[in-house]
Protein chains: 2
Amino acid sequence: MSTMRMTIQRRKILATVQGLPGHVSAETIYHRLKPEMPELSPSTVYRNLKALADMGRVSVTDMGQGWVFEAVGGTPHHHLVCLGCGEVEDLSDSAVRPFFDQLERRGFHVATNHLCIYGYCSSCQEKAGAQEAAR
Amino acid sequence: MSTMRMTIQRRKILATVQGLPGHVSAETIYHRLKPEMPELSPSTVYRNLKALADMGRVSVTDMGQGWVFEAVGGTPHHHLVCLGCGEVEDLSDSAVRPFFDQLERRGFHVATNHLCIYGYCSSCQEKAGAQEAAR
DNA sequence: GTTCTAATTGAAAAAATTCGCAATAGCGAA
DNA sequence: TTCGCTATTGCGAATTTTTTCAATTAGAAC
């Protein structure tokens, strides 16, 4: 069976994700660690973020501008991303819980602790409506 | 006001997405169109898929192996992706509807017509349980 | 502590994706 | 139809991400 080794690089990368609040990109992590680990290569960062995600230690999300990572263990939270203006609204876990609970009852254990739903916020819907009317 | 032009390339790319069942990658589209449009450049494919997604004509999903696109208009459907074995279960739209409706009531118009929830299927949960016990 | 082995690393090359810009071509207005 | 404006294209270059591979090293076994 394959054992997952906890190397210095991997530990540091995980610590960095955990140490920063909110979402971090692979690039951010690379640049933060490079000074203290000059040997560190980008591929190691990418590989480890993926490995840590598979491991379930960090969560991955695409927020429209590339991947962002986040430590698992914090309060689960979710986002409504507006495709019109890019605005990101928070969505509380309690709003999502009933839906997830239903999946659990069905036998599927949800690991996602950061859901992103894409759509249009109310002001962008109004704008769209105004455009329709103006034609 | 900016008008979205329906160019030959854009029309062909959309037609290709619509013509193929299930999910297609940017690369697949490029390779299918290249023979009949030798001028076509990869960047055009990428740009158009993004534009068509913004337009709401195609939906984008990350299924763990990069982006995949799909024509909008078919039955909305969703997936439960197992992080253990990679298995993908279907999730009917009716299972998701109540959750989405709640967001609509809140004023957010959901555009996602293909949700992916990550977690562990029942058999992978059992396996994990067995491993715990074996330690 | 020493040995063994497979997981992991760094560096470079490859592949995927995006960007910058001059040339082209939709589409609305005349 | 023709004209004019500007969104879009194709190309090459830049950027980002993945792969390859020989060298290294964590962690288990002794």
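Side chains included, hydrogens not; waters and symmetry mates left out as well; all remaining heavy atoms used. Note on naming: letters A, B, ... go to the chains in the order of the sequence lines (proteins, then strands), and numbering restarts at 1 for each one. Bear in mind the structure is a predicted one, so any value in this text is a computation, not a measurement.
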Visitor: Send over the distance from B/Met6 CE to C/dG28 C1', rounded to a whole Å.
Guide: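 Between C1' of C/dG28 and CE of B/Met6: 17 Å.
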Visitor: Has the side chain of B/Arg47 got a donor or acceptor that lies under 3.5 Å from a partner of the other kind on the base of D/dG10?
Guide: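 Check passes, donor-acceptor contact within cut-off.
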Visitor: How many Å lie between CD1 on B/Ile29 and P on C/dT17, as a whole number?
Guide: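 Distance check: B/Ile29 CD1 to C/dT17 P gives 11 Å.
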Visitor: Which atom pair, heavy atoms only, marks the closest approach of A/Trp67 to A/Val60?
Guide: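 Result for this residue pair: CE3-CG1, 3.3 Å.
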Visitor: Report yes if a side-chain nitrogen or oxygen of B/Lys50 is closer than 4.0 Å to either non-bridging phosphate oxygen (OP1 or OP2) of C/dT17; otherwise report no.
Guide: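 No.
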Visitor: Establish, from distance only, whether the side-chain atoms of A/His78 and A/Asp90 form a donor-acceptor pair under 3.5 Å.
Guide: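 No, because no side-chain N or O of A/His78 sits under 3.5 Å from a partner of the opposite role on A/Asp90.
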Visitor: So, taking the atom named CZ in B/Phe69 and the one named NE2 in B/His23, what distance separates them when rounded to the nearest 0.5 Å?
Guide: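 The distance works out to 11.5 Å.
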Visitor: Does a side-chain N or O from A/Thr7 land closer than 4.0 Å to OP1 or OP2 of C/dT9, or not?
Guide: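 Yes, within the criterion.
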Visitor: Name the residue closer to the 5' end of DNA chain D, choosing between B/Glu39 and B/Arg5 according to the nucleotide with the nearest heavy atom.
Guide: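 Looking at the nearest nucleotide for each, B/Arg5 comes out on the 5' side.
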Visitor: Please report the distance, rounded to the nearest Å, between CZ in B/Arg10 and P in D/dG10.
Guide: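 After rounding, the reported distance stands at 11 Å.
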Visitor: Can you tell me the distance, in whole Å, between the CG atom of A/Leu49 and the P atom of C/dT9?
Guide: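 Rounded to the whole Å, the gap is 11 Å.
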Visitor: Using atom CZ of A/Arg11 as one end and atom C1' of D/dG27 as the other, report the distance to the nearest whole Å.
Guide: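 So the CZ-C1' distance, A/Arg11 to D/dG27, works out to 12 Å.
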Visitor: Tell me the interatomic distance from B/Trp67, atom CH2, to C/dA15, atom P, rounded to whole angstroms.
Guide: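 Computing the B/Trp67:CH2 to C/dA15:P distance gives 23 Å.
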Visitor: If you assign each of B/Ala26 and B/Ile8 to its closest nucleotide in DNA chain C, which residue comes earlier from the 5' end?
Guide: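 Closer to the 5' end of DNA chain C: B/Ala26.
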Visitor: Tell me: CE of A/Met4 to P of D/dA28, nearest whole Å?
Guide: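 Atom-to-atom, A/Met4 to D/dA28, this comes out as 14 Å.
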Visitor: Between CG of A/Asn48 and CG of A/Leu40, what distance do you get to the nearest 0.5 Å?
Guide: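 Here the rounded value is 8.5 Å.
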Visitor: So A/Ser43, base contact, sugar-phosphate only, or nothing? Heavy-atom distance under 4.0 Å.
Guide: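 Base contact.
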Visitor: With nearest nucleotide decided by heavy atoms, which residue, A/Tyr46 or B/Ser41, maps closer to the 5′ end of DNA chain D?
Guide: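 It is B/Ser41 whose nearest nucleotide is closer to the 5' end.
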Visitor: Distance check, rounded to the nearest 0.5 Å: B/Phe100 atom CZ versus B/His109 atom NE2?
Guide: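 It is 10.5 Å, given to the nearest 0.5 Å.
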Visitor: Is the distance from OP1 or OP2 of C/dA25 to the nearest side-chain N or O of B/Gln9 less than 4.0 Å?
Guide: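 No, outside the criterion.
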Visitor: Rounding to an integer number of Å, can you tell me how far B/Asn48 CG sits from C/dT18 C1'?
Guide: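 Whole-Å distance recorded here is 14 Å.
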